[in-house]
Enquirer: 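Questions regarding the structure given below will be posed in turn.
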2 protein chains.
Amino acid sequence: MAMISQKAKYALRALIALARAPQSEPLVISDIARVHRIPKKFLEQILLDLKRQGLLTSKRGKGGGYVLLRPADKITYGEVLRIVDGPIAPLPCLSITAYRKCADCLDETNCETRQVFAHVADATRKVLDQTTIADAVAMPRHELLAS
Amino acid sequence: MAMISQKAKYALRALIALARAPQSEPLVISDIARVHRIPKKFLEQILLDLKRQGLLTSKRGKGGGYVLLRPADKITYGEVLRIVDGPIAPLPCLSITAYRKCADCLDETNCETRQVFAHVADATRKVLDQTTIADAVAMPRHELLAS
DNA sequence: GCCAACCCGATAGGATTTGTCAACTATACC
DNA sequence: GGTATAGTTGACAAATCCTATCGGGTTGGC
């Protein structure tokens with residue numbers, strides 16, 4: 001029902017890359033794009049979004065590039081997903097950050113679907129709002145066996 | 001990121017309606033569609049899908065209609081969503097019922113995104129695979145205050 | 001045999017996703 | 001100040017998915 005978008009995957013990949021980079025060493029778009037196999041122009045849009053929302057800053061010209069604006073452990077998956085994919089809630093009427101009435105819903109308080117998916121939304125947020133980019137960076141890396 | 005589809009809402013609404021109907025009294029598509037404000041032709045497709053997957057049975061001709069094939073407490077939200085919206089997992093590589101490698105993923109075991117969203121998928125499934133149509137039917141109905 | 005009701009395939013408009021392109025602007029460095 | 005670097009902007013295009021709609025076909029009951 002609910003695949004996350006390619007855009008979100010790219011955004012997370014890029015942020016993890018930025019978090020792994022030595023502090024104050026800006027990464028340029030082209031490098032991130034090449035190394036992580038992200039279409040460059042698409043990545044530009046994504047990083048711009050993340051910048052506008054205050055996750056990143058950038059410097060132009062030679063020696064420029066993108067840098068995280070906050071420590072990686074202060075950037076949650078939930079925040080990133082909300083920026084690139086919009087609300088996390090599976091129904092508009094369950095979004096905290098962007099509530100909207102379901103178009104055809106007459107009686108929200110009695111909507112069974114809403115009540116069930118409220119639990120889903122809670123469970124999802126519990127994970128996404130507590131997991132940070134730093135957690136991702138710290139994940140164990142299994143050796144890739146050479147063949 | 002992950003709204004459930006209109007189709008899923010319709011499917012759930014219809015199933016709840018069928019679960020509320022007195023046993024062995026088939027409901028006809030037109031009635032369900034009218035009462036629950038679902039486009040009739042669209043509902044036909046949905047009910048056919050649900051029938052093909054064994055949730056419903058139907059009888060043609062006069063006095064016909066649709067009937068639940070199993071007690072409502074044996075039909076989970078997860079099952080319904082998988083039928084109408086496809087896999088529940090937020091990444092193809094996390095689907096139990098329909099695993100597929102992510103197109104651009106080189107090293108699945110080390111994919112940070114995968115590891116994080118595995119938790120999301122677990123949490124979601126824990127809700128959806130344990131909640132049944134019967135739970136929905138039993139939900140408390142608040143009085144709608146007349147104005 | 002005829003009507004009710006389900007069954008099936010095609011199709012279409014719109015939205016969203018995913019990406020591309022061309023041109024512009026700011027910065028560093030010589 | 002010129003030039004190469006690198007981010008910024010806005011428009012646009014292909015592909016896919018969602019949400020239906022349409023017309024007819026089939027089956028069963030009376």
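Naming: A, B, ... by sequence-line order, numbering from 1 per chain. Here the structure is a predicted model, which is why all the values come from computation and not from measurement.
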Enquirer: Which nucleotide wins on minimum distance to the side chain of A/P39, given the candidates C/dT20, D/dT8, D/dG23?
Expert: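 The closest nucleotide is C/dT20.
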Enquirer: Choose from C/dA26, D/dT19, C/dA23 the nucleotide whose nearest atom is closest to any side-chain atom of B/F42.
Expert: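 Closest nucleotide among those given: D/dT19.
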Enquirer: Taking the minimum atom-to-atom distance to the side chain of B/R52, which one of D/dT8, C/dC6, C/dC8 wins?
Expert: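 The closest nucleotide is C/dC8.
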Enquirer: Which of the following nucleotides, D/dA20, D/dT21, C/dG19, is nearest to the side chain of B/K41?
Expert: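 Closest nucleotide to the B/K41 side chain: D/dT21.
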Enquirer: For B/L47, report the nucleic acid contact type (base, sugar-phosphate, nothing); a contact means any heavy atom under 4.0 Å.
Expert: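 Nothing, no nucleic acid heavy atom in range.
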Enquirer: Taking only the side-chain heavy atoms of B/L48 (C-beta and beyond), determine which of D/dA6, C/dC8, C/dT20 contains the nearest atom.
Expert: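 Among the listed nucleotides, the one closest to the side chain of B/L48 is C/dC8.
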Enquirer: Within the pair A/R60 and C/dC29, is there a side-chain N or O less than 4.0 Å away from OP1 or OP2?
Expert: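 Indeed not, no polar side-chain atom of A/R60 lies that close.
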Enquirer: If the threshold is 4.0 Å, N to carboxylate O, is there a salt bridge linking A/E108 and A/K101?
Expert: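 Salt bridge between A/E108 and A/K101, a charged N being under 4.0 Å from a carboxylate O: no.
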Enquirer: Distance from A/I133 atom CD1 to A/L68 atom CG, nearest 0.5 Å?
Expert: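 CG of A/L68 is found 8.0 Å from CD1 of A/I133.
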Enquirer: So with a 6.0 Å cut-off around CZ of A/R37, is the heavy-atom count from everything else above 12?
Expert: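 Above 12, so yes.
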Enquirer: For B/Q45 and D/dC22, what is the distance between atoms CD and P respectively, to the nearest whole Å?
Expert: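 For the pair B/Q45 CD and D/dC22 P, the rounded distance is 13 Å.
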Enquirer: For B/S58 and C/dC7, is the shortest distance between a side-chain N/O and OP1 or OP2 below 4.0 Å?
Expert: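 It does, given that an N or O in the side chain of B/S58 lies less than 4.0 Å from OP1 or OP2 of C/dC7.
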Enquirer: Do any side-chain nitrogens or oxygens of A/K51 fall under 4.0 Å of OP1 or OP2 in D/dT8?
Expert: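 It does, given that an N or O in the side chain of A/K51 lies less than 4.0 Å from OP1 or OP2 of D/dT8.
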Enquirer: Round to a whole Å and report the spacing from CD of A/Q6 to C1' of C/dT17.
Expert: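 In whole Å, C/dT17 C1' lies 10 Å from A/Q6 CD.
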Enquirer: Does B/L27 or A/G61 map to a spot on DNA chain C nearer the 5' end, using the closest nucleotide for each?
Expert: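 The residue whose closest nucleotide sits nearer the 5' end is B/L27.
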Enquirer: Distance-only, no hydrogens or angles: does the A/D85 side chain make a donor-acceptor pair with backbone N or O of A/S5 under 3.5 Å?
Expert: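 Yes; at least one donor-acceptor contact below 3.5 Å.
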Enquirer: Is any side-chain N or O of B/Y10 closer than 4.0 Å to OP1 or OP2 of D/dC18?
Expert: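 For B/Y10, the contact criterion (side-chain N or O under 4.0 Å from OP1 or OP2 of D/dC18) is not met.
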